[in-house]
Amino acid sequence: MNEQVQDVASDPLFNPLAPDFIRNPYPYYDRLRTIDPIHETPFGQFVASRHADVSLVMRDKRFGKDFVERTTRRYGPEIMNEPVFRSMSCWMLQADPPDHTRLRGLVVKAFTARRVEDMRPRIQEIVDRTIDAVIDRGHMDLIEDFAFRLPVTIICDMLGIPEDHREVFYKSSRDGGRLLDPVPMTPEEIAKGNAANMMAQMYFQQLFELRRRSPADDLTTQLVQAEEDGNKLTNEELTANIILLFGAGHETTVNLIGNGLLALHRNPDQLALLKARPDLITNAIEEFLRYDSSVQMTGRVALEEIDDLGGKRIPKGESVLCLLGSANHDPAVYLDRPDRLDITRPNVRPLSFGGGIHFCLGAQLARIEAEIAIATLLRRLPDLRIDDVENPAWRPTFVLRGLKQLPASW
């Protein structure tokens with residue numbers, strides 16, 4: 001079963017918020033790679049769709065983030081007065097060295113391989129408790145009731161968010177994805193982003209005060225102490241990067257689990273194989289990341305004129321959008337039917353976590369969370385079936401690809 005075969009020849013080459021594109025971007029990527037692999041959009045951005053070009057742009061020092069300049073070019077000089085964009089300008093994800101080096105250096109210790117491996121028992125406990133809560137009902141929404149619960153709990157643990165504050169985080173909506181999309185936001189969307197940002201700022205300022213009075217063994221305490229250290233972190237940077245860590249710490253993992261479960265149930269042979277051979281789970285996670293990445297794009301700016309990127313000249317200051325989902329399906333790298341899910345596929349090295357200095361800090365944590373969540377679900381609910389694998393409800397965002405809900409029963 002493969003929904004990736006359809007006629008898209010009459011559609012624009014790159015229209016990432018179109019409903020058909022959201023539902024299934026992969027045929028559009030095929031066309032981009034074939035017809036115009038470095039494509040210029042109506043907004044003046046260049047779109048890289050081949051694996052070689054995407055890899056180069058993410059790792060080449062001639063490209064950077066240049067967030068303020070890039071955003072001002074898109075929206076006009078007043079845009080940095082909007083709280084949500086001012087906050088984003090402090091994210092390490094949007095920073096260039098030396099700021100990026102300084103900010104990332106403050107949090108990287110929380111994500112070492114040893115610390116992440118040590119979280120396995122806690123992750124297993126949360127997954128089992130989540131299944132215990134629904135097992136007698138015979139049905140659940142795999143996104144809201146299952147995939148969402150785990151990474152939110154883990155990032156709350158890491159940030160030291162007290163237990164009695166967490167219900168609001170479990171209930172809060174997941175609609176921040178539009179901030180990262182390449183299509184400019186409307187004034188209404190910006191206003192909504194500002195409101196959500198202000199709410200988050202108010203909460204985390206209170207958490208900082210709590211951790212100044214009562215330090216704990218958590219990431220928030222570590223960052224508050226770095227702020228007090230002087231020039232390592234300003235209050236604005238502290239707030240912005242805690243908000244980033246909270247969002248990045250759950251959004252993509254929710255989508256990885258949801259997209260992976262949908263892919264398995266759309267490919268019953270692969271589902272049966274994974275149930276028969278649970279030892280394949282680690283490779284299966286890499287294949288889920290490749291097959292339907294929860295992050296479809298990352299962007300860079302040319303810090304100098306680039307004479308030749310895939311046959312095109314990129315002027316200094318122009319944006320290059322790197323289509324991670326397209327690179328993951330490039331037949332130049334994945335010779336054996338890249339449009340097919342194959343949990344035994346050898347040498348799967350997806351670009352889903354980005355690359356270069358901005359390679360995702362939480363990549364290994366996301367992998368382990370997805371591994372334990374999916375393996376435990378298949379073991380404990382072996383007859384689980386998704387109610388509608390053909391027409392699931394996708395979230396209306398492009399960069400962060402995920403499902404609104406995924407009802408299932410057993």
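To the nearest 0.5 Å, the span separating CG on L32 from CZ on R50 amounts to 11.0 Å. Of the inter-residue distances, the one linking I135 atom CD1 with L381 atom CG reads 5.0 Å to the nearest 0.5 angstrom. Rounding to the nearest 0.5 Å places CG of L365 at 5.5 Å from CE of M119. Note: N347 CG to N283 CG = 9.0 Å, rounded to the nearest 0.5 Å. With rounding to the nearest 0.5 angstrom, the CG atom of L378 is 6.0 Å from the CG atom of L271. For the atom pair CG of L238 and CD1 of I243, the computed distance is 9.5 Å after rounding to the nearest 0.5 Å.
Looking at N255 and E251, their side chains never bring a donor and an acceptor atom within 3.5 Å of each other. A donor-acceptor pair shorter than 3.5 Å cannot be found between the side chains of Y291 and Q270.
Ring orientation note: the planes of F353 and F359 are nearly perpendicular, at an angle over 60° on the 30°/60° scale. In this structure, H39 and F14 have perpendicular ring planes: the angle between them is above 60°, well past the 30° mark. By the 30° and 60° cut-offs, the orientation of the rings of Y29 relative to Y26 is perpendicular.
Residues H358 and T298 are not in side-chain contact: their nearest non-hydrogen atoms beyond the backbone lie 4.5 Å or more apart. Counting heavy atoms from C-beta on, the side chains of L264 and I374 come closer than 4.5 Å. Annotation: side chain of F208 is in contact with side chain of I242 (closest heavy-atom distance under 4.5 Å). Contact of the L262 side chain with the P392 side chain is registered, since non-hydrogen atoms from C-beta on lie closer than 4.5 Å. Between D53 and V320, every side-chain heavy-atom pair lies at or beyond the 4.5 Å cut-off. Counting only heavy atoms from C-beta outward, the side chains of L233 and L103 approach each other to under 4.5 Å. The shortest distance between side-chain heavy atoms of D20 and Y28 falls below 4.5 Å. Contact annotation: the side chain of P97 approaches that of I357 to within less than 4.5 Å [non-hydrogen atoms, C-beta and beyond].
Looking only at distances, no side-chain donor or acceptor of R300 sits under 3.5 Å from a matching main-chain atom of D60. No donor-acceptor pair under 3.5 Å is formed between the side chain of N197 and the backbone N or O of G193. Side-chain atoms of E167 never come within 3.5 Å of backbone atoms of D164 as a donor-acceptor pair (strictly under, hydrogens ignored). Of the possible donor and acceptor atoms, one in the side chain of R380 sits under 3.5 Å from a partner among the backbone N and O of D128. When atom types are taken as modelled, the side chain of H265 and the backbone of D388 share no donor-acceptor pair closer than 3.5 angstrom. Judged by distance alone, with hydrogens and angles left aside, the side-chain atoms of E237 form a donor-acceptor pair with the main-chain N or O of T234 at under 3.5 Å. No donor-acceptor distance shorter than 3.5 angstrom exists from the side chain of S87 to the backbone of V84, with no hydrogens or angles considered. Put simply, the side chain of T220 gets close to the backbone of L159: a donor and an acceptor are under 3.5 Å apart. Distance alone, capped at 3.5 Å, is enough to place a donor-acceptor pair between the R166 side chain and the I161 backbone. In this structure, D181 contributes its side chain and T397 its backbone to no donor-acceptor pair below 3.5 Å.
The two residues L180 and M297 have their closest heavy-atom pair at O-CE, 4.2 Å. Across Q222 and L106, no two heavy atoms sit closer than the pair NE2-O, 2.8 Å. The heavy-atom pair separating F111 from V107 by the smallest distance is CD1-O, 3.5 Å. Closest of all the heavy-atom pairs between G160 and L207 is O-CD1, 3.9 Å. Between I257 and A373, the shortest heavy-atom distance links the atoms CD1-CB, 3.9 Å. Minimum heavy-atom separation, I143 to G258: CD1-CA, 3.8 Å.
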Query raised in the report: Stepwise, does the side-chain contact (heavy atoms from CB on, under 4.5 Å) test hold for L323 with S49?
Result: CA-CA 5 Å; L323 298 181; S49 51; 4.1 Å; yes
Report task. Applying salt bridge (charged side-chain N to carboxylate O under 4.0 Å, His left out), run through E371 and R120 and close with a yes or a no. Result -> CA-CA 10 Å; E371 185 183 307; R120 277 185 185 270; 3.4 Å; yes
**Report entry** Evaluation steps, side-chain contact (heavy atoms from CB on, under 4.5 Å), between R149 and D145
**Finding:** CA-CA 7 Å; R149 210 78 196 175; D145 298 329; over 6 Å; no
Report task. Could you check V295 against L400 for side-chain contact (heavy atoms from CB on, under 4.5 Å), going step by step and ending with a plain yes or no? Result -> CA-CA 5 Å; V295 181; L400 298 183; 4.1 Å; yes
Query raised in the report: Does the pair R62 and D307 meet the rule for a salt bridge (charged side-chain N to carboxylate O under 4.0 Å, His left out), with working shown?
Result: CA-CA 11 Å; R62 296 174 299 167; D307 292 333; over 6 Å; no
Requested in this report: Begin with the C-alpha distance, continue with both residues' side-chain angles, and end with the deciding distance and a verdict on side-chain contact (heavy atoms from CB on, under 4.5 Å) for D342 and R337.
Outcome: CA-CA 9 Å; D342 177 5; R337 294 198 44 204; over 6 Å; no
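Using a 4.0 Å cut-off between charged side-chain N and carboxylate O, E117 and R114 make no salt bridge. Using a 4.0 Å cut-off between charged side-chain N and carboxylate O, D66 and K316 make no salt bridge. R122 has a carboxylate O that lies under 4.0 Å from a charged side-chain N of E125, or vice versa, which qualifies the two as a salt bridge. A salt bridge links R102 to D99: at least one charged side-chain nitrogen sits closer than 4.0 Å to a carboxylate oxygen. One finds no salt bridge joining E286 and R345 here, because no Lys/Arg side-chain nitrogen approaches an Asp/Glu carboxylate oxygen to under 4.0 Å.
Applying the side-chain hydrogen bond (donor to acceptor under 3.5 Å, both in side chains) test to D387 and every residue at least two apart in sequence or in another chain returns S409. D141 meets the salt bridge (Lys or Arg N to Asp or Glu O under 4.0 Å) test with no other residue; sequence neighbours excluded.
Among residues at least two apart or in separate chains, salt bridge (Lys or Arg N to Asp or Glu O under 4.0 Å) pairs with a member in residues 288-297 are E287-R290, D292-R401.
Within 6.0 Å of the CG atom in D217, the count of heavy atoms belonging to other residues, nucleotides or ligands does not exceed 12. Other residues, nucleotides and ligands contribute more than 12 heavy atoms inside 6.0 Å of the NZ atom of K275.
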